[in-house]
> 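Sharing a structure here in structure tokens format.
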There are 4 protein chains.
Amino acid sequence: MDRRARASQKRRRLAAAAARVLHQQGVERTTLADIAREADVPVGNVYYYFKTKDELVQAALAEHQAHLDELTDALDRLPTPRDRLRALVEAWVAQRDTAARHGCPTGTLAVELDKRADGTLDAEAGAVIRRLLDWTATQFRQWGLPDPDDHALTLVCAYQGMSLLTNALRDPAIMTREGERLLRWLDSLAPEGE
Amino acid sequence: MDRRARASQKRRRLAAAAARVLHQQGVERTTLADIAREADVPVGNVYYYFKTKDELVQAALAEHQAHLDELTDALDRLPTPRDRLRALVEAWVAQRDTAARHGCPTGTLAVELDKRADGTLDAEAGAVIRRLLDWTATQFRQWGLPDPDDHALTLVCAYQGMSLLTNALRDPAIMTREGERLLRWLDSLAPEGE
Amino acid sequence: MDRRARASQKRRRLAAAAARVLHQQGVERTTLADIAREADVPVGNVYYYFKTKDELVQAALAEHQAHLDELTDALDRLPTPRDRLRALVEAWVAQRDTAARHGCPTGTLAVELDKRADGTLDAEAGAVIRRLLDWTATQFRQWGLPDPDDHALTLVCAYQGMSLLTNALRDPAIMTREGERLLRWLDSLAPEGE
Amino acid sequence: MDRRARASQKRRRLAAAAARVLHQQGVERTTLADIAREADVPVGNVYYYFKTKDELVQAALAEHQAHLDELTDALDRLPTPRDRLRALVEAWVAQRDTAARHGCPTGTLAVELDKRADGTLDAEAGAVIRRLLDWTATQFRQWGLPDPDDHALTLVCAYQGMSLLTNALRDPAIMTREGERLLRWLDSLAPEGE
DNA sequence: GATGAATGAGAGTTCATTCAT
DNA sequence: CATGAATGAACTCTCATTCAT
């Protein structure tokens with residue numbers, strides 16, 4: 001592996017470390033030294049890859065976006081929209097322990113970034129959430145249900161809500177209970193005229 | 001007004017200012033000077049009322065708790081549990097512009113405090129949310145519905161979820177749409193055997 | 001002396017220290033710690049009086065302005081414009097050893113500040129020089145000479161030029177030689193029709 | 001072109017870039033990356049030509065020296081000392097816009113370098129100025145005027161002074177006014193017994 | 001109690017210089 | 001020779017907390 005490849009790998013390592021540590025400690029309580037340590041990179045070197053702390057936050061958001069895309073790509077291989085949405089909910093529930101400890105990575109990031117006066121980064125956090133919203137709406141639309149956007153909104157709100165409560169009450173069981181309800185809800189839906 | 005009364009009034013002013021500013025700027029981006037300024041109290045004086053910044057955060061949480069109690073007390077005067085829950089949802093929707101700008105005060109505070117290693121304050125944030133959960137469950141129980149706890153969980157999750165998305169996407173309309181759905185949902189519920 | 005008086009005295013001490021150290025070491029090579037040490041003030045405390053390093057530079061400029069004003073006030077007590085201008089030149093020459101080591105405080109500051117992209121502070125440095133220019137022009141005008149502005153420009157240019165060369169060549173004798181020439185020049189001037 | 005020639009060409013490009021950028025931004029506000037970029041040379045490569053930043057500053061000084069030598073060589077082709085000195089002043093005035101923006105390259109460099117504790121580089125800056133002084137004195141001597149050194153000092157001081165004021169007040173007209181005065185002064189001079 | 005001032009431990013960031021290939 | 005990457009020391013600035021009156 002040549003120098004350039006190793007360098008870009010380091011960039012990724014930093015982005016991944018940022019995603020992890022920022023999720024656990026939050027943006028404001030995480031120092032660059034924390035991220036550097038997690039990525040095993042000297043502090044001064046971080047600035048070779050990211051000119052500011054904000055760029056690291058941005059990279060972490062991109063990382064979450066990438067994870068989400070991986071997930072939806074995998075789900076897209078399932079036969080029906082209902083299968084895909086069920087699997088989405090199941091993937092959420094599978095993360096319940098992480099959610100109990102640190103909440104939804106994107107959701108909590110969005111909350112923190114929205115506290116800033118400068119609205120640059122929080123718009124990017126919003127974009128990640130909107131992408132999930134769009135993918136979900138697409139599923140409902142393909143399913144042939146009316147008001148697919150409303151259904152998508154309901155589902156994603158439910159996800160963010162249960163993640164927040166799971167985290168705030170430190171109780172993964174919340175995720176299980178609400179997840180099961182969502183599955184029953186999905187099973188109860190039927191396209192018009194079906 | 002004697003000295004003690006004036007002092008306790010100052011304490012309240014500080015707590016109220018903390019609640020406001022922390023909601024808007026978040027815990028980590030708010031300095032003691034910010035709160036002191038908002039309360040029109042000299043910085044050095046803050047420490048006679050709150051020994052640490054964390055105590056001010058605690059006071060802000062208590063303030064939110066108090067607001068919530070006021071609200072539920074008012075709702076308790078309504079005739080039926082369904083009326084109360086409907087009014088609760090309507091109260092949420094009425095706050096949509098604030099939610100778009102800063103999210104739910106308690107929810108965003110809980111998110112931020114959960115990022116801390118020290119789990120003292122985030123437990124208190126959880127307690128505020130749990131109190132809302134309990135009050136809501138009580139309504140569903142009085143209504144005679146089965147699984148009142150699950151219903152309560154669903155409703156509060158929906159609230160936190162729609163607040164978060166409203167804030168992240170800076171779109172108060174989300175609150176309106178989800179609020180209307182919740183009202184329809186409440187209208188559709190009926191106790192067993194009714 | 002009460003707290004407030006002592007505090008404002010500290011502000012002055014800092015401004016004076018800044019003027020001294022910035023003159024000796026230049027803006028860019030002087031750290032806040034240098035100034036703090038010179039003023040015998042803890043580094044963190046500096047920011048109570050000056051929010052940024054630039055404000056300290058500004059304060060140093062004001063200090064130089066004040067020194068200049070003191071000088072011209074003293075000169076204003078002399079009977080004739082020629083006396084005042086002669087005394088001005090003599091005051092410059094008296095500073096020859098300082099000039100050899102560090103140049104003219106205002107002139108060198110202006111040079112450094114003009115290298116900045118942001119033109120805020122260098123305008124203030126220019127203002128100090130312009131004030132000297134104006135005072136000098138006033139003398140020539142009172143003297144009844146034609147083109148008092150041109151004469152003033154010539155005199156101040158000569159001052160800045162000889163300060164620069166004295167400093168660059170580390171030779172106070174330059175100041176003496178040019179100073180004497182300037183005195184002869186002043187003596188040779190006569191108002192029209194005199 | 002062989003390797004050695006290409007290499008020495010790169011060295012020159014770097015020296016020229018250094019001269020330009022250091023004049024514009026000053027020594028302390030210029031990074032090696034700035035110079036490397038201006039010369040279109042990779043940062044890491046700079047060190048094959050200049051072991052330290054100071055060596056680049058030195059090279060910039062040499063560049064200014066070379067420019068000055070070019071100028072005086074050209075002037076030396078003029079018939080009389082008076083012609084040469086007049087042409088020198090005219091050359092200065094022709095640079096008035098550059099002077100307004102960045103001052104005299106050598107003069108401002110000397111000011112900055114004199115702020116250093118280490119007196120190595122500022123001596124070199126002084127040497128460049130002294131060379132100008134010497135050339136000028138030679139002209140006055142050839143002219144047959146008494147005190148040629150004093151006349152040279154006066155002329156060079158005037159130049160540095162008017163450059164500094166032009167820069168500090170950002171007014172090229174200063175250069176024009178003082179330049180005209182210097183020309184009149186030169187015209188008024190006559191060797192003894194002439 | 002009240003208050004302006006003091007303090008010091010970090011935080012993010014920059015950059016000359018060096019290294020490995 | 002060339003070069004992207006690495007390094008660490010230093011700097012400016014922030015802020016919770018404490019102190020002296």
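Letters go in sequence order (proteins before strands), and every chain restarts at 1.
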> Under a 4.5 Å cut-off applied to non-hydrogen side-chain atoms, are D:Tyr47 and D:Leu32 in contact?
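Yes, close enough: below the 4.5 Å cut-off.
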> Rounding to 10°, can you tell me the angle the first-five-pair axis of the helix from E:dA2-F:dT21 to E:dT21-F:dA2 makes with its last-five-pair axis?
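Roughly 20° between the end axes, to the nearest 10°.
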> Would you call D:Ile35 and D:Glu38 a side-chain contact if the rule is heavy atoms closer than 4.5 Å?
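No, their side chains stay 4.5 Å or more apart.
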> Can you confirm whether D:Lys10 sits close enough to D:Arg13 that some side-chain heavy atom of one is under 4.5 Å from a side-chain heavy atom of the other?
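Yes, close enough: below the 4.5 Å cut-off.
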> Which distance, rounded to the nearest 0.5 Å, do you find between the CZ of B:Arg11 and the CZ of B:Phe50?
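B:Arg11 CZ to B:Phe50 CZ: 4.0 Å, rounded to 0.5 Å.
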> Roughly, in whole Å, what's the span from CG in A:Asn45 to P in E:dC15?
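Rounded to the whole Å, the gap is 16 Å.
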> Of all the heavy-atom pairs spanning B:Ala17 and B:Ala39, show the shortest one and how long it is.
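Heavy-atom minimum between the residues: CB-CB, 3.6 Å.
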> Residues from residues 113-125 of chain C sitting under 4.0 Å of DNA chain F, heavy atoms only?
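By residue number: none to list.
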> Take the protein atom CD of C:Gln9 and the nucleotide atom P of E:dA5, then report the distance between them rounded to whole Å.
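The answer, rounded to whole Å, is 13 Å.
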> Using a cut-off of strictly less than 4.0 Å, decide whether D:Lys10 has a side-chain nitrogen or oxygen near OP1 or OP2 of F:dC1.
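For D:Lys10, the contact criterion (side-chain N or O under 4.0 Å from OP1 or OP2 of F:dC1) is not met.
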> List the residues meeting ring pair (Phe, Tyr, Trp, His ring centres under 6.0 Å) with D:His102, not counting sequence neighbours, and say none if there are none.
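D:His23.
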> Taking side chain as C-beta onward, heavy atoms only, is C:Leu61 less than 4.5 Å from C:Leu113?
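Sidechains of C:Leu113 and C:Leu61: in contact.
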> Judged by atom type as modelled, is there a donor-acceptor pair below 3.5 Å linking the side chain of D:Glu55 to the main-chain atoms of D:Lys51?
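Yes, because the side chain of D:Glu55 sits within donor-acceptor range (under 3.5 Å) of the backbone of D:Lys51.
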> Would you compute the distance between atom OG1 of D:Thr52 and atom CD of D:Gln58 and round it to the nearest 0.5 angstrom?
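Answer for the OG1-CD pair, D:Thr52 versus D:Gln58, is 8.0 Å.
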> If you compare all heavy atoms of A:Lys53 against all heavy atoms of A:Val27, which two are closest, and at what distance to 0.1 Å?
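Shortest heavy-atom separation between A:Lys53 and A:Val27 comes out as NZ-O, 3.0 Å.
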> What residues in residues 14-40 of chain C put a non-hydrogen atom under 4.0 Å from any atom of DNA chain F?
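Contacting residues: C:Thr30, C:Thr31, C:Leu32.
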> Can you list every side-chain hydrogen bond (donor to acceptor under 3.5 Å, both in side chains) pair that touches residues 104-120 of chain C, not counting sequence neighbours?
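Every pair satisfying side-chain hydrogen bond (donor to acceptor under 3.5 Å, both in side chains) with a residue in residues 104-120 of chain C: C:Asp54-C:Arg116, C:Thr108-D:Lys115, C:Asp114-D:Arg170, C:Lys115-D:Thr108, C:Asp118-C:Thr120.
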> DNA chain E: A:Val43 or B:Gly44, which has the more 5' nearest nucleotide?
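Nearest-nucleotide comparison on DNA chain E picks B:Gly44.
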> Examine distances only and state if a side-chain atom of B:Asp40 and a backbone atom of B:Arg37 form a donor-acceptor pair shorter than 3.5 Å.
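Such a contact is absent between B:Asp40 side chain and B:Arg37 backbone.
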> How close do D:Ala36 and D:Pro42 get, heavy atom to heavy atom, and via which atoms?
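Minimum heavy-atom separation between D:Ala36 and D:Pro42: CB-C, 4.4 Å.
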> If you take any heavy atom closer than 4.0 Å to DNA chain F, which residues from residues 46-62 of chain B end up in contact?
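B:Tyr47, B:Thr52, B:Lys53, in order of number.
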